[in-house]
Asks: 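Would you mind keeping the following structure in view while I ask a few things?
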Amino acid sequence: MDPQYQPDKIEREAQSHWQVTGAFRAVEDPSRPKYYCLSMFPYPSGKLHMGHVRNYTIGDVLTRYYRMRGRNVLQPMGWDAFGLPAENAAIANGQPPAQWTYENIAYMKRQLQSLGFALDWDRELATCDPNYYRWNQWLFLRMLEKGIVYKKTGVVNWDPVDQTVLANEQVIDGRGWRTGALIEKREIPMYYMRITAYAEELLAALDTLPGWPERVKLMQANWIGKSYGVNFAFPYELGGEKRAMRVFTTRADTVMGVTFCAVAAEHPLAEAAANRDAKVAAFVEECKRGSVMEADLATIEKQGVPTGIFVTHPLTSEQIEVWVGNYVLMGYGEGAVMGVPAHDERDFAFAKKYGLPITPVIDVGGKPFSTDAWQSWYADYGICVNSGKYDGLDYEAATDAIAADLRKLGLGDKQVQWRLRDWGISRQRYWGTPIPIVHCEACGDVPVPDDALPVVLPEDCVPDGSGNPLAKRADFVNAPCPRCGKPARRETDTMDTFVDSSWYYVRYCCADNPRSMVDERVAYWMAVDQYIGGIEHAILHLLYSRFWTKVMRDLGLMGMDEPFTNLLTQGMVLNEIFFRRAESGRITYYNPTEVELRTDEAGKRVGAVLKADGQPVDSDGIGTMSKSKNNGVDPQALIERYGADTARFFIIFASPPEDTLLWSDAGVEGASRFLRRLWGFACAQAQRIQLQHAQGTGSQFDWGNVAPAQREVRREVHLNLNKANYDLQRVQFNTVASATMKMLNALERLPATVEAGRGYAPSGTVYDRIVYEGMCILLRVLHPICPHITHVLWGELGFAGEIMNAPWPEVDELALEQDEIALVVQVNGKLRGEIRVPKDADRAAIERAALAHDTVRKHTEDKQVKKVVVVPGRLVNVVV
RNA sequence: GCCCGGGUGGCGAAACUGGUAGACGCAAGGGACUUAAAAUCCCUAGCCCGCAAGGGCGUGCAGGUUCGAUUCCUGCUCCGGGCACCA
C-alpha cells in the first residue's frame, strides 16, 4: 500500500474501473425498489462552474447513498443545449452555434467524468439533437390538435437598429445591449400554450407534494395567483355606439369609492382617445418605449393622461373619467382598472399627483382618514361607509350585495381571476427547436405531418445579431405546403428553451427509442424520486415541467400526475461581479480571477483593479455565477491540484445544500489534509485490520466490560454514524462530512493501553476491534462524498466486495449508552455549573445535586427558590 | 414595486421539537521536529474586565412571549433569488 495519498493516480484507477465494469449503468428491474435521482442538466456554456460541481456532488451523494441502501438507482446526465449564449458566442467569434455547443459538451463531459459521478452515460441526451427535439415538435402538434397550443399576438422588445427582437437580458436601461438604441414594444403573432387551463390543478396539486420545500410551493402558489373578485362593466357611449369597459377587482366593497378609471395604452379606449387627442396619442407612444419586464413596469413612476372619455358608474350612474395609465398592463385582466384612491396605494399616489378626488368608503375601526399621506391601514378590510345602501356591511356582505346588484343589471358578477398567463413559446431566434408549421397563402398555417418530422434546424448558420438567421436561409424557409403542395414558407420562429427542459427527465428513461417519445420504461423509472437544482428555477422551469407532465398524462403518454416527488433546491454559488462601462455604454464583465483587490494598511478593502492593466474596475455587487456576468469559477484548477475527492468533500463541507454559498477556496486545504490524514491512518492500521479479517470478523465481541476510555471512542463513532444517518435523511450533508472527521479524530485518539486490573477486556484486542469496526463504518459513511479514496482503501484494507455495493452501516444502540450523564445547572436561565448524575437518577436526586452545587449555592443562598425546572438529560434551571 | 429566502467569532459553519451558543474546519498566534523549508504533531483562541477564581456582554437592529429565545411573535434594516425572451 502506497504510503503517500496520490489522488490523481487512485482517481484515475477507480474511474477506469467503474467504466470497465459498467458500474453505473441502470437496468430496469421490477423486483427492486428504484431510485431515480436527477440533477438539473447544465447549459453547455463552455466549462463547469462551482454551481454545477455543487449540484452534481449533492446528487451523487444521494445516488451513492441510496445505492448502499439497496435501491436500484438511475442517475442520468444530458445537455440543455439550445439557447441564447451560443448565438452570442457566434456574434463574438464567428463560430456556428452548433459547433460551439458540441465542443463545449465534449469538454464539460470530460470534466464531469473526472469528478467521479455515478452517472449512466448510456442515457446521455442533448436537446439540440434532432432525435430529441423532434418530440418537442411532435408533442407541439398534438397540443395544437387538442387546442392546448394556439396563436395570438404578444409583446416583445424590438431593437429598431438591429431590426431584431431582444431578450429581456439584452435590454439594459431601456436600450439595446449592442446598439444602445431605445427599445420599443412591438406586437407580433406567437404560439401560446394554454397553461392557464391547468391553473386550478397546478395550484391544488401543490398539496400532494410533501417532498417539496414549502417556500417553493408558496412561490408557485403566489405565481399562479388565484384570486376571488368581481368582474363588471362601466357602460359608455362612443361615436353613438353603446359599449362597456370591463374591469376586475378583488375589492368590490370599495366600488362606491371609484373616482377615476385607468386603461392600458393598448386598450381600445386609449386608441380611440389617441385618434382625437394629440396629447393622448403622444402619451400612448411614450408608453410603448421601454422594456416589457414586469420589474421595470412596477418601478417606473406612475403616469397618466386624461382621455376626455367618461364612463358610467354602474351603481351610482356617476360619470367617471378614464385615464391612460402607464402602470396598467394589457396582458393582465381586462387591461383596465377602477381607481379607488382612498383604499389602494397605487391609486392614492396617482390621485394625489393629478389632483383627483379621494373618497373614503371603508371605516377601519374608527381610525381617522386623511388625504395628506397614505397609511397602510387604508387598504385594510372594514365596514362600508359613504356607500348608500351598502353602509354598515363588512367585506364579504358588501361584495355579495354588490355582485348581486351588478348581476341584476347584467353588468357583472363574481369571478375567479388568475395571475398566471398563458405561456408564449415563440422565439425569433435561430438556435432552438423549429416550430413545425408551414405558412401557405391558400391553406393558412399548416402543421407539418408527423412523417415529415423532425423539421431539422440547419447547423451551419452563423448569426450576426441582426434579424432572424433562419429567415435568411432560403433552403430552410422554402417548403411546399403539406396540404396543397404549392410553394409556401416555413415558420422561422423557434421554441422557448423551457420547452426542451420541460420533459427531458422523461426521455432519460427511454433515450434510445427512435420510434416513440416514451415507452414502458418510463413507467418503471418515473416519477423522479429526487430532483436537485438551483433555487432560481423555483417557479418557471418547475411549473412548466409540471404542466407538461399533466399534458402528457392527458394525451395518454404517461401515468403520473407530478414529475418530481422530492425536490431539493440548492442555494446559489455566488461570486463578486466586476465590470467596466465603455463610453458607448457597453459593459464588459471581468472574471474575479482577473481582478486584484486593493486594501489599506488595516486590511480594509479600498478598491479593485484589473491585473492585466492595473486600472480600476467597478463592482456590481455579489451575484450568482453566470456566463453573462463572467463571474464563474472553473473548478478545473481545483480538481487538478487536489483531486476530485477533495473538491467534492470541500464543496459539501462548506455549507448546507440549500444555503447560498459565497465562493472562496479558503478551506480547501483542510479538506485535502483530512483525506491525507485518513490515508495515513489506514496505512498505519492496514496490517492490524488484515489480521482481524484473518481471525474471522463475524464473531461477536462482548463490548460490556471495555475500559471507559476505549468505550468512549466507540461511542463517538456510533454517535456520529447516528448523526450522519439523521443528516442524510434531512439532506444536510455538511454535517455528514463533519461526522466523518469526528470519527477519524476519535479513532486517532483511541488509547492503545488502559489501566489494568479492573477486569476490563484486554486493551490491545479492544483497540484492534474498535479500529477495525471504526474504519469499516467511516469508509462507508464517507463513500458517497469521496468515492475514490474510499473505494481504494476499502480494497486495500481487505473488506469484502466493492464499497459502492456494501450495505450501509448499522448503529449499535448499546454503544451509545453511558452510565453517567452531565447536566447543566442554570440559575434564572444563566449557566452556573455542571453536575454529573447516574443516567437513571430521578428528579428529586437531580434537584438535590443541583442545589448542592457550590456556584449554585452562591447564587441562591440569600434568595427564595421559587421553582426548579428539570429537563431530563439536558439541564436544571433554578428560579429564584 | 411585488413574491420567496437569508443575516451566528477574523472566515465557512454547528446547535435534535424552545434547553450548555460557536461542534467540525479555515485563517491566526505560540511550541515541537528539521541545517532549512515543506509536510506533520501539540497548545491557545467569541468580545470585555481580572494574575486568577470569577464576572459582564454576545446569534443584523428595536421590542414582545417564556423559568429559559439563534429557535416563536411584531416592526425595521441589509444581502440574495424570482418577476414570464438568461438558463
Side-chain angles (χ1 to χ4, degrees), chain A residues 40 42-43 45 80 83-85 88 154 156-157 165-171 213-216 218-219 221-223 225 292-300 327 331 345-346 420-429 496-498 501 534-541 543-544 569 571-572 574 603 621-624 626-629 650 653-656 658-662 664 666-671 673-674 676-677 680 723 726-727 730 732 734-735 737-742 745 822-826 828-831 834 855 858 866-869 871 873-880:
Chain A
M40 289 180 185
Y43 179 80
S45 58
D80 189 13
L84 204 51
N88 293 340
V156 294
N157 300 304
V165 175
L166 295 184
N168 284 337
E169 164 182 80
Q170 297 171 315
V171 179
E214 284 306 318
R215 59 168 162 160
V216 173
L218 197 53
M219 279 191 262
N222 289 338
W223 183 262
V292 300
M293 289 168 71
E294 193 190 301
D296 290 343
L297 293 170
T299 48
I300 49 167
Y327 62 96
E345 185 169 8
R346 205 168 45 179
L420 182 68
R421 307 199 294 260
D422 277 337
W423 174 16
I425 59 143
S426 295
R427 296 290 179 271
Q428 298 68 46
R429 307 219 197 293
D496 181 4
T497 55
F498 273 125
S501 55
I535 181 67
E536 74 274 23
H537 294 294
I539 298 176
L540 292 179
H541 162 62
L543 194 63
Y544 292 147
T569 46
M572 312 256 56
L574 308 179
I622 303 213
T624 158
S626 74
K627 183 95 180 162
S628 59
K629 296 286 171 73
F650 172 63
F653 183 69
S655 89
E658 308 223 57
D659 285 14
T660 55
L661 173 59
L662 181 53
S664 154
V668 177
E669 207 47 71
R673 194 174 297 148
F674 167 63
R676 285 199 302 271
R677 208 147 57 81
K723 166 84 175 151
Y726 177 74
D727 289 338
R730 63 171 178 154
Q732 182 176 287
N734 55 327
T735 44
S738 294
T740 63
M741 286 176 142
K742 288 181 186 177
N745 288 348
L823 289 182
V824 157
V825 186
Q826 299 179 332
N828 282 352
K830 276 194 197 299
L831 179 67
E834 194 182 280
T855 322
K858 214 169 84 188
K866 279 201 265 184
K867 181 166 146 190
V868 180
V869 182
V871 182
R874 292 220 165 259
L875 56 68
V876 183
N877 189 12
V878 181
V879 185
V880 296

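Residue numbers start from 1 in every chain, and the chains themselves are labelled A, B, ... in the order their sequence lines are given, proteins ahead of strands.
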Asks: In terms of side-chain heavy atoms of A:Ala298, which of B:A39, B:C24, B:G1 is nearest?
Replies: B:G1
Asks: If the sugar-phosphate is the primed atoms plus P, OP1 and OP2 and the base is the rest, what is the B/S/- string for nucleotides 47-74 of chain B, using protein heavy atoms under 4.0 Å?
Replies: --------SSS---------BS------
Asks: Which residue lies toward the 5' end of RNA chain B, A:Arg215 or A:Ser655, if each is placed at its nearest nucleotide?
Replies: A:Arg215
Asks: On RNA chain B, does the nearest nucleotide to A:Ile539 precede the nearest nucleotide to A:Ala822 from the 5' side, or the other way round? Give the residue.
Replies: A:Ala822
Asks: Searching all strands shown, indicate the nucleotide that pairs with B:C2 (Watson-Crick or G-U wobble; both distances under 3.5 Å).
Replies: B:G82
Asks: A:Glu294: which residues meet the side chain to side chain donor-acceptor pair (under 3.5 Å) condition with it, sequence neighbours left out?
Replies: none
Asks: Between B:C4, B:G19, B:C24, which nucleotide has the shortest distance from any of its atoms to the side chain of A:Met219?
Replies: B:C4
Asks: For B:C41, which nucleotide in any strand shown is its Watson-Crick or wobble partner with both distances under 3.5 Å?
Replies: B:G31
Asks: Quick one: look up who B:C72 pairs with, Watson-Crick or G-U, both distances under 3.5 Å, and put none if it's unpaired.
Replies: B:G64
Asks: For A:Arg673 and B:G12, give me the distance from atom CZ to atom P, rounded to whole Å.
Replies: 19 Å
Asks: For A:Gln428, give me all partners under side chain to side chain donor-acceptor pair (under 3.5 Å), at least two apart in sequence or on another chain.
Replies: A:Asp493
Asks: Would you call B:G9 syn or anti, using the 90° rule around 0?
Replies: syn
